[in-house]
Visitor: 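Quick one: the structure is below, and I'll ask about it shortly.
Residue numbers begin at 1 in each chain, while the letters A, B, ... track the order of the sequences.
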Number of protein chains: 2
Amino acid sequence: MTRHTGIDTSFLEGLLGYNARRAALVIIEHFVRGMAEFDLRPVDFSVLSVIHHNPGVTSRELCASLNLLPPNLVGLIRGLEQRGLIERQPHPLDRRAQGLHATAAGIELMQQAETRASSIEREVATRLSPQEQAQLIEMLQRIYLN
Amino acid sequence: MTRHTGIDTSFLEGLLGYNARRAALVIIEHFVRGMAEFDLRPVDFSVLSVIHHNPGVTSRELCASLNLLPPNLVGLIRGLEQRGLIERQPHPLDRRAQGLHATAAGIELMQQAETRASSIEREVATRLSPQEQAQLIEMLQRIYLN
DNA sequence: TATTGTTATACTCTATAACTATA
DNA sequence: TATAGTTATAGAGTATAACAATA
């Protein structure tokens, strides 16, 4: 429980926020390294995954479901489009909006990237059984969902 | 499980990294609001808490135990010192280093702030029993400790 | 009036290189 | 030669205000 440095951080180690942040940073670090070959940051992966599984999704819907701000999505979307991974199509009902669709190349990339993501998860959670991992995710969702 | 937006994020919701980050952000948001009255950001709280519980700790030791970079700690330490919450004293063994100590005011503030931190934790984890909360923290530590 | 996507911009957080004084 | 603390600065991430086109 105590650190190898000899410094007592026991109060912080009792706080959910401290532990959640430390764990998230370690996991994300692994994720970044593992996704480097696909040139996808975590946020790129998340956005592309949601587009992949929700053809025609709009920017606003992406922002709402991933907790992003519209101005910060503009450059990201443009980048994915320029790489030929997604396309913008006119929205069938709302001429202000644009439906986002993964291209064939985008779908191909995401199939590989999602497989890679799953293997990264297994590597980073080697000290958790599959049951514990599922339980951990469920408890985290009880914190942030609603 | 599915979101109220009608957007399918089920793949992301199966990833530990995604859930850990979303939960950490929600917890930290609560923490920031709750600590505003003490004018302490999460990183200020962490640093002050470690100094409080480890009188004479050095900047390097703070960096190692909290995973911070030395240049980013300089302004923070100076700020806490200018607010009269900590003092720098010559290190007894190493004249390059400085021992950091909480002042009476710093100790007083931290007693209140740590009490407040604990109550914020209870608010943010209302949907987890104390047992679940302890189990969650233990599992998170199995990910980031080593 | 409100909303979608956008631009411009500011602010914060994090990271790197290099210096000084001591070890 | 290496380490503690520091400076300066660059880069990434996150935030707000305001606009044109459309609802």
Side-chain angles (χ1 to χ4, degrees), chain A residues 5-7 17 21-22 24-26 28-29 31-33 35-36 39-47 51 56-82 86-101, chain B residues 5 7 17-18 21-22 24-26 28-29 31-33 35-36 39-47 50-51 54 56-82 86-101:
Chain A
T5 52
I7 302 301
R21 177 165 157 79
R22 292 295 299 261
L25 288 174
V26 164
I28 289 165
E29 190 187 327
F31 193 89
V32 167
R33 278 205 302 270
M35 283 295 161
D39 197 18
L40 293 176
R41 296 166 302 165
V43 66
D44 299 315
F45 177 88
S46 299
V47 166
I51 295 173
V57 67
T58 67
S59 287
R60 283 286 162 168
E61 290 170 329
L62 278 173
C63 288
S65 55
L66 296 176
N67 198 28
L68 302 173
L69 291 171
N72 300 332
L73 198 58
V74 173
L76 198 161
I77 293 290
R78 183 162 40 218
L80 295 177
E81 189 184 33
Q82 287 172 351
I86 63 169
E87 281 176 351
R88 312 192 211 200
Q89 293 177 12
H91 193 282
L93 302 172
D94 187 339
R95 278 188 301 165
R96 294 171 303 182
Q98 314 173 47
L100 302 172
H101 299 259
Chain B
T5 52
I7 302 301
Y18 178 77
R21 177 164 158 78
R22 292 294 299 263
L25 289 175
V26 164
I28 289 165
E29 190 187 329
F31 193 89
V32 167
R33 279 205 301 270
M35 283 295 161
D39 197 17
L40 292 176
R41 296 167 301 163
V43 66
D44 299 316
F45 177 89
S46 298
V47 166
V50 173
I51 295 173
N54 299 269
V57 68
T58 67
S59 287
R60 284 284 163 170
E61 290 171 328
L62 278 174
C63 288
S65 56
L66 296 177
N67 198 27
L68 302 173
L69 290 171
N72 300 331
L73 197 58
V74 173
L76 198 161
I77 294 290
R78 182 163 42 218
L80 295 176
E81 189 184 34
Q82 287 173 350
I86 64 170
E87 281 176 352
R88 310 190 213 201
Q89 294 177 13
H91 193 282
L93 303 171
D94 186 339
R95 280 189 299 165
R96 292 171 304 180
Q98 314 174 49
L100 302 172
H101 300 258

Visitor: Considering residues at least two apart in sequence or located in another chain, which fulfil the side chain to side chain contact (heavy atoms under 4.5 Å, CB included) criterion with L25(A)?
Guide: R21(A)
Visitor: To check you understand the geometry: which heavy-atom pair defines the closest contact between V47(A) and L80(A), and what is its length?
Guide: CG1-CD1, 4.0 Å
Visitor: Could you pull out the closest heavy-atom pair between R22(B) and N67(A), with the gap in Å?
Guide: NH2-CB, 4.0 Å
Visitor: Is it true that a side-chain atom of Q82(A) and a backbone atom of G79(A) form a donor plus acceptor pair closer than 3.5 Å?
Guide: no
Visitor: Starting at CG of D39(A), measure out to CG of D44(A) and round the result to the nearest 0.5 Å.
Guide: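 Nearest 0.5 Å value for the CG-CG distance: 7.5 Å.
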Visitor: Looking only at non-hydrogen atoms, find the nearest pair between M35(B) and L40(B) and report the distance.
Guide: CB-O, 3.3 Å
Visitor: With sequence neighbours excluded, what pairs up with R78(A) under the salt bridge (Lys or Arg N to Asp or Glu O under 4.0 Å) test?
Guide: none
Visitor: What is the per-nucleotide protein-contact pattern of nucleotides 8-18 of chain C, from the 5' end, where B denotes a base atom under 4.0 Å from a protein heavy atom, S denotes such proximity for sugar-phosphate atoms only, and - denotes neither?
Guide: B----SBBBB-
Visitor: Of all heavy-atom pairs between L73(B) and C63(B), which one has the smallest distance, and what is that distance?
Guide: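 Closest approach of L73(B) to C63(B), heavy atoms only: CD2-SG, 3.7 Å.
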Visitor: Listed by chain and number, what are the side chain to side chain contact (heavy atoms under 4.5 Å, CB included) partners of D94(B), not counting sequence neighbours?
Guide: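 In terms of side chain to side chain contact (heavy atoms under 4.5 Å, CB included), with neighbours along the sequence ignored, D94(B) is linked to H91(B), R96(B), A97(B).
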Visitor: Indicate the atoms forming the closest heavy-atom contact of H101(A) with G99(A), along with that distance.
Guide: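 Heavy atoms only, the tightest pair is CD2-O, 3.4 Å.
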Visitor: Counting only non-hydrogen atoms, which of residues 90-99 of chain B are less than 4.0 Å from DNA chain D?
Guide: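 Contacts with DNA chain D under 4.0 Å: R96(B), A97(B), Q98(B).
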Visitor: Between which nucleotides of DNA chain D, read 5' to 3', does contact with chain B run, using atoms under 4.0 Å from its heavy atoms?
Guide: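 Taking any atom under 4.0 Å from a heavy atom of chain B, the span is dA2(D) to dT14(D).
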